[in-house]
Every structure is written in structure tokens, then in C-alpha cells.
Peer 1: 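The structure under discussion is supplied below as C-alpha cells; questions concerning it will follow.
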Amino acid sequence: NFSFCFQLRRGEKMDANGSASGSPPTLGGYSRDQTHEPMQVGAAAESAHESPHQRGSPVDTQFVNQVSRLQSGAAAAISHPSVSLQGEAGESSSDWVANGPLMLSSDSLRRLQDGPARQCWQSFCEATEADKVLLVQVMLNSIARESLSFIAVGINKALKADFVAVLPEELSEKIFSFLSFSDLSKCALVSRAWNRVTMSDALLRSRYRKQIVMDPTFGEFVSKQCPTDDMGRKAQLSGFRPLYLSLRQSYQRLEENWRTGKCQPTSLICGGNGVYCIQYDDHKLLSGSRDCKIRVWDLATQRCTAIFSGHSGSVLCLQYDHEKIVSGSSDSTARVWELATGMCRAILPHHTDSVLHLRFRGTQLVTCSKDFRVILWKMDAPFAYTQDKILVGHTAAVNVVDLTEEFIVSASGDRTIRVWSPTTGDCLRTITGHTRGIACLHLRGNLVVTGSSDETVRLWNIETGEQIRSMRGHQGLVRCIRFSDKYIISGSYDNSIIVWSVATGEQLAQLQGHESRVFRVQFDAFKIISSSQDDTIRIWDFTPKE
């Protein structure tokens, strides 16, 4: 009964029948007669300058009152040997203690089961929660300091909880959904329970949808590797988990190939004395050459399937959509072609020198020229454009132009970038920074990347005019440039192509293969396609090989 605890508090040892003997026990080599500071816990706290265990001192009055309360209250001694005490989920009390945070030895369990400590343990289990707390406070005040440290470790472990084991699986999945996939992979190694939740179909589907939004390149990769119908069929056959993990593994290998420049190059020989411009989609590629022709290529067979003739000078730029091609030439004209038939449907003659670049979007077309001018056109019919506005301001050849719904951006040999309103034609901002003429640019949102004769690549915010970073790596004029959320791809008169990180400006890889100046680059999640003065179109394929 609880008098057993009281006798332990006074430093007396119990014999096998529960009677007290006179010699003080030791715990962890620490004699009960030795002085130590008691724990200052609750009503059982004692003076920090007085040891309650010094022989000959009066018994602590507070302690006696507390033990009397325990003996007379609901926690009175229950020492009948037939009492059956249960832990959680129907376990016996000894099993429950054995599996607890202190991990009692088998000898300790035998003492608890058969020795005099059983009476105290049985009484403790039958007490109210409040009395249990009070009794623990009293007991802790009677234990040596090094033993308290051992108990503290167990208490700290007991206070920790595995939320996966405690919470409903849906809540655990919600918590894990905020982690990156690399962190999820680490969590999956913690235990079988964590692996089951972190690698569940529901959580991986959530992770997949989030990654599609956060990383458009991954979305492009998935759409080409595993179309929606095919993905649904595979998920039904084998489950979403193996499908997603396989896609992620392939995507990580693809990303590694981009970072290291590991690719498989192939070449198309054009026969046009130099390829100035290209554009491609999933099935075909169009090129414009020095021989005044536009060629259509089948990407699957890598064969030329059509040739459009009409310009009297080199085809310097082109763009196409599902029904038309618009091209610009050194013959000072832009032409509108019907894609299906190759018929020239309109000639736009308003420039007085070479049309160096053009872009169209919706019903608007913008062209730029060696004549220092930018012309904005509006589409009256599918193949008919009329001049809308002339944008004047540059003092040298306007080498490149691009447009979005909000802005027209042009760059010139006069070393400036100009931002125009497509509605009014007003120049909104002039951006300077390059030390020589600007040869190329690409506009996405409020960011524009430029390349120049000063051999640098620069990234700008066109709304503020701020230069975000400058990158140097080419040994010649930077002639062409494109960028995505992750990469900047630039081609140069040094015959090379460089892959840069948008986030850091770091040069990731340099691709060598062209034998002369690189005139154009375009790219997607899997490949870069480039054209050159060496009369070739090169396809740099980064797709990981099985």
C-alpha cells in the first residue's frame, strides 16, 4: 500500500513481507542519506537548502499530510493479489510498462510482478489522475539526481507523439502535401506507417498536380511522355504510385542532362547556303534560307516535304500558325503565305530596307527593319494586313522585335531596348546597358532577355527598366536567344550554344557542333533546335535513353 512509498521516502528498505528494515536503500550508487536538492514540484516542494533525508531531522510535515491524504482518499491501498490491472487496449499493466518509454528490464518487471513494489503499483493504478500526479511529485522528491536524469529521458520520450499514428490518414496526407518530393522520399524511410502515407496514391496525385502548376516544364514533359488517356489507363493497371515515381525518375534524368549538356545531336543538311530562321512544332519544322526559300520539314523522317518560293532576297525571319506563314526578307518585304498550299496571299511592302524580324499575335503583326523603323499592322482578313502605326525612335537598324498583349519591345544597333504601347504606339520606356549593338531578344511577361555584340546575355525587367543580371560566356556576338522559366538558351557567332540558369545566371552547359555562326535557337522540355550559317539544322535531344 502507499505506506510502502512513505517508508521508501524515509530511507527504509522493505523486506519480502512488506515490513521495513533499518538500512537505507541506494539507487544508482546514491545513498538516501546523502544530501541533494529536492525537486521543487507542486505542494511537495521542499526548501532548496535542507535535505529531507538527513538522519535525525523531523519528518517533512507536508509529505506526511500528502501521504495521509493518499491513504484516506480514493487512492487508498488495494493490495489484494487477485487484482488484475490493465493498460491500454487490454494489455496487462506489466506489458504496458515493459513497452513504455523507460523500457524496464526483465528483472525489474519480475520485481514489479512478484515483489513488494506490486502493492504500490496496484494502488497507483487504481488512484485518480490527480492523486497519481501528487504521488509522482512526492516520489520524485525522494529520488537521487542521477536517477532523475534517467527518468527525465523517459518522460521526454513519452511526451513525443508520432502524428501519423495519432491523426486520421487524411490529415497526415494534408500535412505531408506541403513537402517537396525529395523531403517526402526521406519521410518515407522513417517507418512503414510513414511510407504508407507519404507514398499513397492520394498524396502523390496531390503532389503531381502541385508540381504541374509550379513547374510547367514538368507538365510539358508528362504530356509528351504519357498523354492523358494513356496515363489514366496505366494508372488503372498498376496504380498511380509506380507511374508517378517512374515519370519523376525520368524527369530527374532529363533535368540532369540539361545541367550537364548530355544530349544526342542530329543534323539536317538544308542546301540553302545558310539557314537564317526556324520554327517548329511536334510534327514539322519550317526554315528560311539565304537562297530565298522557305522549306517545310517532317521531324519524324527529317525530310523536306515542301518548298515555298517568292522572295527575291534571303528569308531572314518567319512565324507560322495553323493556317498561315508570315516571312520577312532582305528584299524589304514581308509576305503572307497559306500554310496548306504554299500560295503567297499578300505582300507587305512598306519597309525601305531588309525586314530583319517580325512577330504576330492575334490580329496584330509587328515588323522591324534596317530602315530604323518598327511597323505595327492590323489583320483585316485571315491573309490581309494593313499598316496601323509606325513606331519611330531608334537611330540604327532595328534587329529584333517581340510583342505581348501589353507591350511591344524592340532592340537596335543603337544599343537601346525600347518598350512601346501596342494600343497607342507611344514609347513607354528606353532601356540602356549594353555597350554595343543588340542583336536579339525574347519577351515573356515582364521579363526580356537580350544578346549583344558586347558578347553578353542580359535579363531585364521591362516595367522598371532594371537589369536583373548580366551573363558572360560567349566569345563572339550573341546572335539569337530564347528563355523559359528555367533556362536561357543563346547562340553566338563563336559557333556555340550556351545553356544558362534563369534563377542564378550560371552557365550550365556549352554545346559545340556547328561549324559556323549560329543564327537561330528554339527549344522545349526535350530538345534544342538550332540553325547556322553552315547550312545545317541541328537537333540537340536531351531525352534520357533507357
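All of these numbers come straight from a predicted model, not from anything done at the bench. Computed from heavy atoms alone, side chains included, the values below leave out hydrogens, waters and symmetry copies.
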Peer 1: For residues 285-307, which residue pairs qualify under salt bridge (Lys or Arg N to Asp or Glu O under 4.0 Å), counting only residues two or more places apart or in two chains?
Peer 2: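 Of all non-adjacent pairs touching residues 285-307, those that pass salt bridge (Lys or Arg N to Asp or Glu O under 4.0 Å) are D291-R295.
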Peer 1: Could you list the donor-acceptor pairs under 3.5 angstrom formed by side chains in residues 167-175, with sequence neighbours left out?
Peer 2:
| from | atom 1 | to | atom 2 | distance (Å) |
| --- | --- | --- | --- | --- |
| E169 | OE1 | R196 | NE | 3.4 |
| E173 | OE2 | S200 | OG | 3.1 |

Peer 1: So how far is it from R415 CZ to T450 OG1, rounded to the nearest 0.5 Å?
Peer 2: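 That separation rounds to 14.0 Å.
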Peer 1: Among side-chain atoms of S501 and T504, is any donor-acceptor pair under 3.5 angstrom?
Peer 2: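 Yes, T504 and S501 have a side-chain donor paired with an acceptor closer than 3.5 Å.
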Peer 1: Do F221 and S250 touch side chain to side chain, with heavy atoms closer than 4.5 Å?
Peer 2: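 When only atoms from C-beta onward are counted, S250 and F221 do touch, with a gap below 4.5 Å.
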Peer 1: Is the closest side-chain heavy-atom distance between V521 and I529 below 4.5 Å?
Peer 2: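 The answer is no, as the side chains (C-beta and beyond) never meet within the 4.5 Å cut-off.
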Peer 1: Run the ring-centre check on F542 versus F526 and record whether the distance is less than 6.0 Å.
Peer 2: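 No, too far apart.
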Peer 1: Under 30°, 30 to 60°, or over 60°: which ring-plane class applies to H350 and W377, parallel, tilted or perpendicular?
Peer 2: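 Correct class here is tilted.
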Peer 1: Distance only, no hydrogens: is a donor on one side chain within 3.5 Å (strictly under) of an acceptor on the other, for T333 and H351?
Peer 2: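 No pair is found: no donor N or O on one side chain lies under 3.5 Å from an acceptor on the other.
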Peer 1: Going by atom types only, do H514 and N495 share a side-chain donor-acceptor pair under 3.5 Å?
Peer 2: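 There is no such pair (donor and acceptor under 3.5 Å, judged by atom type) between the side chains of H514 and N495.
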Peer 1: Please enumerate all residues that pass side chain to side chain donor-acceptor pair (under 3.5 Å) together with K527, with sequence neighbours excluded.
Peer 2: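 K527 satisfies side chain to side chain donor-acceptor pair (under 3.5 Å) with D524 once adjacent residues are dropped.
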Peer 1: Hey, are T367 and H357 close enough side-chain-wise for a donor-acceptor pair under 3.5 Å?
Peer 2: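 On atom types as modelled, these side chains do not qualify, holding no pair under 3.5 Å.
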Peer 1: Are side-chain N/O atoms of W297 and T305 paired as donor and acceptor at under 3.5 Å?
Peer 2: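 The answer is no; no qualifying pair exists.
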Peer 1: Quick one: does K284's side chain get under 4.5 Å of Y320's, heavy atoms only?
Peer 2: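 Sidechains of Y320 and K284: in contact.
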Peer 1: Validate the cation-pi geometry between K210 and F178: distance from NZ or CZ to the six-membered ring centre under 6.0 Å, angle to the ring axis within 45°.
Peer 2: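 Output yes; distance and angle both within limits.
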Peer 1: Do Q211 and Y244 have side-chain atoms, one donor and one acceptor, less than 3.5 Å apart?
Peer 2: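 Yes, because at least one side-chain N or O of Q211 sits under 3.5 Å from a partner of the opposite role on Y244.
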Peer 1: Is the distance between the ring centroids of F163 and W194 under 6.0 Å?
Peer 2: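 Yes.
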Peer 1: Decide yes or no for R479 and R520: does some side-chain heavy atom of the first lie under 4.5 Å from some side-chain heavy atom of the second?
Peer 2: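 The answer is yes; the side chains approach within 4.5 Å.
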Peer 1: Kindly indicate whether the side chain of F523, heavy atoms from C-beta on, has any atom under 4.5 Å from the side chain of V499.
Peer 2: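 No, side chains not in contact.
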Peer 1: Would you say T386 and D380 are linked by a side-chain donor-acceptor pair, where the criterion is simply a distance under 3.5 Å?
Peer 2: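 Yes - a donor-acceptor pair under 3.5 Å links their side chains.
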Peer 1: Quick one: do the R538 and S267 side chains pair a donor with an acceptor below 3.5 Å?
Peer 2: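 Yes - a donor-acceptor pair under 3.5 Å links their side chains.
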